[in-house]
Amino acid sequence: MSAFLLILILFAQTPPRGNAETGRTLFMKIGCYQCHGREAQGSTATGPRLNQNPITYTRFVSYIRKPSGEMPPYTAKVVSEQQAADIFAFLQSLPKPPAVESIPLLRQ
Ligand code: HEC
């Protein structure tokens with residue numbers, strides 16, 4: 001395979017660059033927060049936490065397009081590819097919980 005083709009393939013798989021600030025606005029505007037919480041912290045009653053969720057961008061997008069459970073689907077008309085990338089960037093930007101090893105009480 002030529003190097004050119006390889007580069008093309010790599011580019012095709014790179015998700016659009018997301019903007020976390022725009023993503024936060026969209027998360028509120030589109031209404032994801034209603035079920036997942038303002039900080040995407042989740043709620044046992046309405047939706048799982050999304051903030052410390054290690055899912056990949058590909059899985060994220062395919063999930064919001066075709067959810068498997070209670071969640072309503074978001075087509076590209078409602079959430080464009082770029083907006084999905086922004087929301088993903090917002091979720092990635094949220095603080096992660098400290099690692100267990102960094103909490104002295106839990107190390108004992
Ligand atoms: C009506 C409530 C509701 C709304 C609104 C909603 N979700 Fe969800 N979401 C859920 C529930 C409940 C689940 C758990 C699985 C299921 O039942 O679909 C979920 C699961 C997910 C998952 C999968 C998490 C995983 O670990 O696999 C992602 C990603 C997600 N939601 C993102 C979003 C985004 C982004 C939005 C806004 C565009 C949104 N959700 C709006 C209820 C909602």
Side-chain angles (χ1 to χ4, degrees):
M1 188 191 314
S2 75
F4 176 70
L5 260 186
L6 198 71
I7 289 168
L8 256 188
I9 290 169
L10 283 178
F11 267 107
Q13 288 177 341
T14 314
R17 192 182 299 245
N19 178 302
E21 272 310 303
T22 314
R24 173 181 286 276
T25 311
L26 291 168
F27 199 79
M28 299 301 154
K29 215 175 109 197
I30 299 169
C32 316
Y33 83 92
Q34 289 170 0
C35 295
H36 292 284
R38 288 182 173 274
E39 296 298 318
Q41 75 277 17
S43 147
T44 42
T46 51
R49 66 165 58 237
L50 300 175
N51 57 354
Q52 299 138 27
N53 194 330
I55 58 173
T56 61
Y57 176 71
T58 315
R59 171 147 161 67
F60 174 79
V61 176
S62 59
Y63 196 86
I64 64 172
R65 299 278 186 249
K66 259 192 201 293
S68 51
E70 305 283 304
M71 185 170 135
Y74 292 88
T75 62
K77 278 210 182 97
V78 183
V79 178
S80 72
E81 196 72 6
Q82 181 59 55
Q83 290 175 324
D86 292 339
I87 296 173
F88 188 70
F90 161 62
L91 297 175
Q92 299 284 78
S93 75
L94 294 168
K96 310 267 182 289
V100 169
E101 308 80 55
S102 68
I103 304 171
L105 265 178
L106 293 180
R107 251 184 302 166
Q108 286 166 15

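Start at 1 and go down the list; that is how both ligands and their atoms are numbered. The first residue in the sequence is number 1, and the count goes up from there.
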*Polar proximity ligand 1 side, T46 side, N/O cut 3.5 Å exclusive*: no
*Under 4.0 Å from a heavy atom of E70: give me the atoms of ligand 1 that qualify, with their elements.*
12 (C), 16 (C), 17 (O), 18 (O)
*Carboxylate-amine/guanidinium proximity below 4.0 Å for E81 and R65*: yes
_Return the closest protein heavy atom for atom 5 (C) of ligand 1 as residue, atom name and distance._
Y74 OH, 3.2 Å
_Sub-3.5 Å N/O-N/O distance, S68 and ligand 1_ = no
*Does any N, O or S atom of M71, backbone or side chain, fall under 2.8 Å from atom 8 (Fe) of ligand 1?*
yes
*Atoms in ligand 1 with a heavy atom of F60 nearer than 4.0 Å*: 29 (C), 35 (C)
*For ligand 1, which atoms, with element, lie under 4.0 Å from some heavy atom of R59?*
25 (C), 27 (O)
*Using a strict 4.0 Å cut-off to heavy atoms of G31, name the atoms of ligand 1 that fall inside it.*
5 (C)
_Tell me whether I64 has any N or O atom under 3.5 angstrom from an N or O of ligand 1._
no
*What is the distance from atom OH of Y33 to atom CG of L26, rounded to the nearest 0.5 Å?*
13.5 Å
*Looking at CD1 of I87 and CZ of R24, how far apart are the two atoms once the value is rounded to the nearest 0.5 Å?*
12.5 Å
*Starting at CD1 of I30, measure out to CD of Q83 and round the result to the nearest 0.5 Å.*
5.0 Å
*With atom 28 (C) of ligand 1 as the reference point, say which of I30, L26, V61, L50 has the nearest heavy atom.*
L50
*What heavy-atom pair brings F27 and H36 nearest, and what distance separates the two atoms?*
CZ-CB, 3.9 Å
_For Q41, is the CD atom crowded, meaning more than 12 foreign heavy atoms sit under 6.0 Å from it?_
yes
*asked:* So which atom in V61 and which in A84 form the shortest heavy-atom distance, rounded to 0.1 Å?
replied: CG2-CB, 4.1 Å
*Which residue owns the protein heavy atom closest to atom 26 (O) of ligand 1, what's the atom, and how far is it?*
N53 ND2, 2.8 Å
*Could you give the distance from CD (E39) to CG (N51), rounded to the nearest 0.5 Å?*
8.0 Å
*asked:* Side chain or backbone, does H36 bring an N or O within less than 3.5 Å of an N or O on ligand 1?
replied: yes
*Using a strict cut-off of 4.0 Å, indicate which atoms of ligand 1 neighbour a heavy atom of Y63.*
15 (C), 16 (C), 18 (O), 20 (C), 21 (C), 22 (C), 23 (C), 28 (C)
*At what distance, to the nearest 0.5 angstrom, does CE of M71 lie from OH of Y63?*
6.5 Å
*asked:* Judged on heavy-atom distance to atom 11 (C) of ligand 1, which of C35, A84, G69, P48 sits nearest?
replied: P48
_Nearest non-hydrogen partners of Q34 and T46, listed with the distance_ = O-OG1, 4.2 Å
_Closer than 4.0 Å to some heavy atom of I55 - which atoms of ligand 1 meet that?_
29 (C)
*Which atoms of ligand 1 are found less than 4.0 Å from any heavy atom of C32?*
34 (C), 35 (C), 36 (C), 37 (C), 38 (C), 39 (C), 41 (C)
